[in-house]
Structure formats: structure tokens, C-alpha cells
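Some notes on the structure that comes next.
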2 protein chains.
Amino acid sequence: MADLGEASLAGRPVAQAAGAGSPVRIGDVARAAEVSTATVSRALRGLPHVATETRQRVLAVAAELDYRPNLPAARLAAGTTNTIAVAVPDPAAWFNATMVGALGREMTAAGYDLLLSGVANLDERQRFIELNGVRSGRSDAVVLVDVALDEAAAEAFVAQGGRAVSVGFRTKALSSVTIDNVAVGSDATQLLLRHGHRRIGLLSLDSGDSLNFSIPAHRAQGYEQAHAEAGLTPDPALRVSTSNSWAEARRAAHALLQSAERPSAMFAMCDEQAFGIMLAARDLELCIGEDLSVVGVDDHDQSRLVGLTTVRQHVARQGTVAAELLLRMLQPSVEPPQHVQLDTELIIRDSVGPPSVD
Amino acid sequence: MADLGEASLAGRPVAQAAGAGSPVRIGDVARAAEVSTATVSRALRGLPHVATETRQRVLAVAAELDYRPNLPAARLAAGTTNTIAVAVPDPAAWFNATMVGALGREMTAAGYDLLLSGVANLDERQRFIELNGVRSGRSDAVVLVDVALDEAAAEAFVAQGGRAVSVGFRTKALSSVTIDNVAVGSDATQLLLRHGHRRIGLLSLDSGDSLNFSIPAHRAQGYEQAHAEAGLTPDPALRVSTSNSWAEARRAAHALLQSAERPSAMFAMCDEQAFGIMLAARDLELCIGEDLSVVGVDDHDQSRLVGLTTVRQHVARQGTVAAELLLRMLQPSVEPPQHVQLDTELIIRDSVGPPSVD
DNA sequence: GGCCATGCCGCAAACGGTTACAGACACGCG
DNA sequence: CGCGTGTCTGTAACCGTTTGCGGCATGGCC
């Protein structure tokens, strides 16, 4: 206790003008605190078996020396990275950005770093999976946002010790957080049918771009199902698909709306596509909600602004749920994969009305 | 060469059913290829001083064994991480998400990982800077997106060997990519003045939320300057500020537009705020472009949809430029910080017209 | 034929922590 | 007083790469 004063007198670390000269290592702290490196390691990480007095001395000395543990070294020795890797098809898309934001907030609070990868096609997906297996030590776990893995690949991944949670896609082997996409498609379509629409266009997502085929497929299924329940069969000509960019959606909608028997309403896979439809309608001087009804999915920040009726999914909540699943999964005790399905909600705005009489 | 066949016969790696049993290490590859670990290391990384024949044998064996180098170990030994850490105030905001997307694309192509951190206030900024100094070995370089560092902090950071590029904020010690924010403010304001507006509201950004005070300050300066050039003095009552969320902007605009002498036009710091203004106008049944003119900044994806006149900044290009600066900075040769200023562009849409005669 | 340059390759020492194991010490109890 | 128990601490063996340096052929040249 006598020599404590020597080391930790000042309030702030000595400036030390290190100039990248000689980085302080754990041994330096140990020497200055007159303990072993083992004790320093334990003290700094809050592990038990360190006397309070000793711990405080170590803490003081470490602060004094402005010691920063070297991460790769710690990771190598401990075999854990405190990092999670997340794969998203397009980091700039609204859904993904919002998801990553929520996920990041939670994981940062829990002491994890977030490694972000854009994974836009099957090659990149393959690469991501290979690179982020446990064996590489790049990350402790992986979250796949709208990046589907087939059952075999998922099982292989966990068999090698990989941990993953999937967002938007359900696989037996992985924990997942999803919504009921059949219900999404059905709810949207039913709304349009109730308003009296009989020619309802379906703007689907390209399977080429998307790595998660099941989402558009299930929503389309809901669309079919709603028609069937009403005793109707949708015209296949009313079905087109694009990527999730509004620009492409606009082009596709433009073409469809100029066809001989144009739809009186459109259901789009996401609000960004719906925006594209609205732009196309504007081009053709069709009034939204009168000449053309539109329903999207997501409840994008801007949907309210343009009065878009949509099926809301709580994106941020999906992010926090994914984080919870991750943290649980990172515990030493192994649990079977968890599957969480969140509710969606139909949000009625101005973009839907009865079909105009031609 | 004779034993090559033994190791690399098959097209794909043996399934090996590792079950996380015994990870393949570099020594295993070395043994199987009958070379030293040094040679394996060199061969796999494409370094010189390896005979072509040997290299191919090593490659084949490594593929056969499905070897994955352990990253922390490699990083510890090499003292480099091939990772860059990026700090953004809010990962979900459109500008940031788009920026991160572009940056990530470039850096991934160059073989770097992207570590994403939300840095929303000064404490988090402090923490980010401390955590990502060179000494921690967490990342090779840092990019600060709309997260300003004062001159002293920036110098201290580079003095310790840290490398950083700053986006949206210019500091002597750091490379930076910026736009001319005074011109942005001035261009937008001049447009409104030319249309005959005399009461132009300014929706600024909270300095509390934003870590980059200079952006709203400079734009406000352009606003003042444009007024001064026209021989006018803006009414301070027309100046409010919020965060960059449209919801807050909406509330603020709502209040301002209900005041006795309401502005006939508004200039917002970003398109998201402008959207909020447009919502407020809708609430009050004011017609955009007639009863109220609005100008934003960014050229957000949705701006076109709602006909928002705005000052476009090329976000993705800022991202690629930042990536170039980073890559140059990561070269062994030390260069002085580079400063790149990109052009902006006034995009005229429907949200601006002459003031309505009251 | 000797010598030097050159190209490949291996040995072994880092890199900077973590942690199993054992030692030291104090204490309480029979 | 001996012994078990429990708490604190140190010793040293890893963790899995990278890389400086030296060795050994080989080939060309004088």
C-alpha cells in the first residue's frame, strides 16, 4: 500500500508523449504495480480472486500508464473475439440500415464489435460463410439479414461450431427472427379486394438479386390465397418483379400501367418499390388512391409522408430481438435454436381507395 | 511432386466431419505438404521466394484440408489488422447508410473488414477514439463520418500513430472529404430569394445531437451571406433547430408555420428535415411550392418522389473518395493529409415557387 | 575449378496476452 | 498443534501465426 502513491498520484495519465515509441504492455503494468501479469489480467477484466486492494492498485497504475490491451493478442489467447459479423445484401437499403443500427446499439452495449459485410450475391454469400466460420476467429457469431442459407449449409455451419441468427429467413438449424409473410401478402391483398379491386398487380422481388427467395414467395402466396378465398384467380400478366430499388420498380410499373388492361391496384414487396410505382403513376398522371391504389410493406420512414398504405413490420424490434438471441447463443450453455415471429400491422393511409370507374 | 497426388486428388475438400474437433493449423498443412510453416505462410499469401511448384502443392494441400488461417494469430504476429473502424452518429440515417455502403464496397474489394460503431454523443466519441487507437490493434485506420475532432485531439491521435480520414469535417491533421457548406447554404437561399421570398425560415441541426457543429454553422453562414448580398437581414425568429429526424423537424416546422408572421419558404439542413416540414405543411393544409416553398440538402432517394428541391451532394462518391484516401494512407510511405472537396449541385423540383400573395 | 550471386527454404524467436496449476499464507477447528 | 479450507498470487505453458536470418543448392562467370 505504501508504494501505491508512487504510481497513481495524478488525476490524469501522464501525457508521456509516446509518439508511438514504446507501447505499454501488460508486463510494464505488472512491473509498475509489483504484481504478476496474471494478476494484472485478472484485475483489469474484473475477474474474481484478486484482493480489492491489489485490484485498485493495478487499475490506478494501468490508468497512469495509459495501458491499452492488445486485442489480437487477447483474442488469440482467449479464443474469443467479442465481435459479431453481420451480412446484409445492401447496407444502404432502409430496412437493412435500420436493422444494423438497432442491432449495433444492443451489441455495443453488451461489449461486442460489429463487423459489417455487404453480401449481394451467391458468391459473396459463400465467401462470407467461409470467412466467418469459427475457425477463422474473425467473429464469435454471425447474423444473416435477408441472406438465406439452405438447410444443409446451415447445418454444416453449426456443425463446425458456428453460431448464427437469421433475420427474415427461417431455417431449422439457426435461430431466427421473422414475420409471417403469407399473412403480409394476404392482409394487403384482402384490403384491396375489400375495396373492390379485381385486377391487382403484384410487384415481386427478383430472385436474382435477393438472397432470400422465401420472402417474395410467401407474400405472393398470401396474395394468391386471398384471391382464392374470394373465389378469384389473379391474372398472371399482372405479376412482374424487379430489384428493391425504386428506379427499377418505376420502370416496371410504368410498363404495366400502360398495358391494355392495366391493374387498378398494385401490391409491392417493399415500400421502396411502392415509391417507384407512385413515381410511375405520377409520370402517367394517374392519381394515387383514385386512379391507382398502392400497398407496400415495411412502413418506411417516408411512407407516411407520401401517404402510402403499407404493412408495417417493426424493424428496430427485430434488431433488438436478434441481439437477444445472439447474446443468449453466446452463453456457454448450448440451447436449441430459437425462432421468434413478430407481428405485422396494416397501416391505412391515402394510397388506397375504390377502383375508379373507367 | 510424387506425393502431390496423395494430398490433392479430389476436386473438393474432404468433408472431414470436423465437428469442431481439431481445427487445422498451419503446421498440419506444412506437415502434409512436407514443407515448413514459413513456406506455407508465404505460399498462401502470395509472397515471393516460393517456387511455383511448391506453392501449388501447398495451395492444393491447404484446400484439401480446408485450412483457414486464424486471424487473431496472424494479426498479432503481423501487427496489422486489415480492418478499418468507422464511426457514424446514426447508422440508420440515409446519408450515413449510403456512405457506409459505398465505403464498405471499396474496402471489402481491397481486402479490408469494416467495423461499424454508432457514435451519438461526446462520451461515445471519446470512447471510440480511445478504443481505436493504434495501440489496441483493433483497426488499422479510422473513418469519422460527421464526427468532428478538435485540432488538438486529432493531432494527438495521429501523434500516437493513428490514421484517420474525416468525412464532412475538415481538420488539418486528418485527411478529409468535404463539401463547401457555405456555398450549399448560399445556393439554396439565393434560389429562394430569386423567387421573391423575403421571409425564409432556417431549420438548423441541433448542436447537441450533432457531433459536427461546423456543417449547420457553415450552411447558416451561407444563408446569412446570401441575405447580405441581397441587402437583407434575416429575422432571427425564423431560425429553429432540431435533430435530423423528420418527426422532430415536423413538430418544429408546425410551430413555426403557425406563428403570426410565418415564413413563406424554408431551408432545411437535410432532406429528412425537409420531409418533416412537408408533413407539417400537409397538417396545416399548406400547399408545397405554392403556400410554402422548401429546399433541402442531400438529394435523398425519396426527394424525387415528393418533388423536393434540394442541394445534391454525391454521397456514394464521397464514400469512394474516402476509401481512396484510406488506402493511400495505409501504404507504408507517409504522406501529408489530403483534403478533397466535392461539388454540390442544385436540383430544382416542384417544392419551390414564388411566395403566395396573402 | 573456385567463387559469388541468387533463389528457395527452414529454424526459431517473436507477437502480447490468458489461464491451468501449484504455491503461499492466514485462519478456524478439533 | 496439526490439518483442512479458502483466498490470493505467481510461474510458465500455451494460443497460431509471421518473419529475420542463416543454410544450402544451383548456376554463371572469370
Task: Rounded distance (nearest 0.5 Å) linking atom CD of A:E151 with atom NZ of A:K172 - done: 4.5 Å
- [ ] Quickly, which of B:H339, B:Q338, B:R170 forms a side-chain hydrogen bond (donor to acceptor under 3.5 Å, both in side chains) with B:S176? Name it, please.
- [x] B:H339
- [ ] Calculate the interatomic distance between A:H49 atom NE2 and C:dG23 atom P; express it in whole Å.
- [x] 18 Å
TODO: Nearest whole angstrom, please: distance from the P of C:dG16 to the CG of A:L71.
DONE: 13 Å
Open item on the list: Could you tell me how far apart A:R25 (CZ) and C:dA14 (C1') are, to the nearest whole angstrom?
Closed with: 11 Å
TODO: Flag the pair A:M99 / A:D146 as yes when at least one side-chain heavy-atom distance between them is below 4.5 Å, and no otherwise.
DONE: no
Task: Interatomic distance where CG belongs to B:L76 and P belongs to C:dC15 [whole Å] - done: 9 Å
Task: Distance-only donor-acceptor test, B:R42 side-chain atoms vs C:dG10 base atoms, 3.5 Å - done: yes
Task: Distance, rounded to the nearest Å, where B:R55 contributes CZ and C:dC9 contributes P - done: 9 Å
Task: chain A footprint on DNA chain D, 5' to 3' - any atom under 4.0 Å from a heavy atom - done: D:dC8 to D:dG16
Task: Any A:P89 side-chain heavy atom under 4.5 Å of A:N96 side chain - done: yes
Task: Whole-Å distance separating the CZ atom of A:R68 from the P atom of C:dG17 - done: 13 Å
Task: Interatomic distance, A:Y67 OH vs C:dT18 C1' [rounded to whole Å] - done: 11 Å
Open item on the list: Closest-nucleotide mapping onto DNA chain D: is B:L47 or A:A38 further toward the 5' terminus? I mean the 5' end.
Closed with: A:A38
Task: Sub-4.5 Å side-chain heavy-atom contact between A:L330 and A:Y112 - done: yes
Task: Whole-Å distance separating the CD atom of B:E34 from the C1' atom of C:dG10 - done: 14 Å
TODO: On DNA chain C, check which nucleotide each of B:V35 and A:P69 is closest to and give me the residue with the more 5' one.
DONE: B:V35
Task: Distance test, side-chain N/O of A:R45 to OP1/OP2 of C:dT18, below 4.0 Å - done: yes
TODO: Flag yes if more than 12 heavy atoms outside B:R125 fall under 6.0 Å of its CZ atom; otherwise flag no.
DONE: yes
Open item on the list: Counting C-beta onward and ignoring hydrogens, is there a side-chain heavy-atom pair between B:L114 and B:L116 closer than 4.5 Å?
Closed with: no
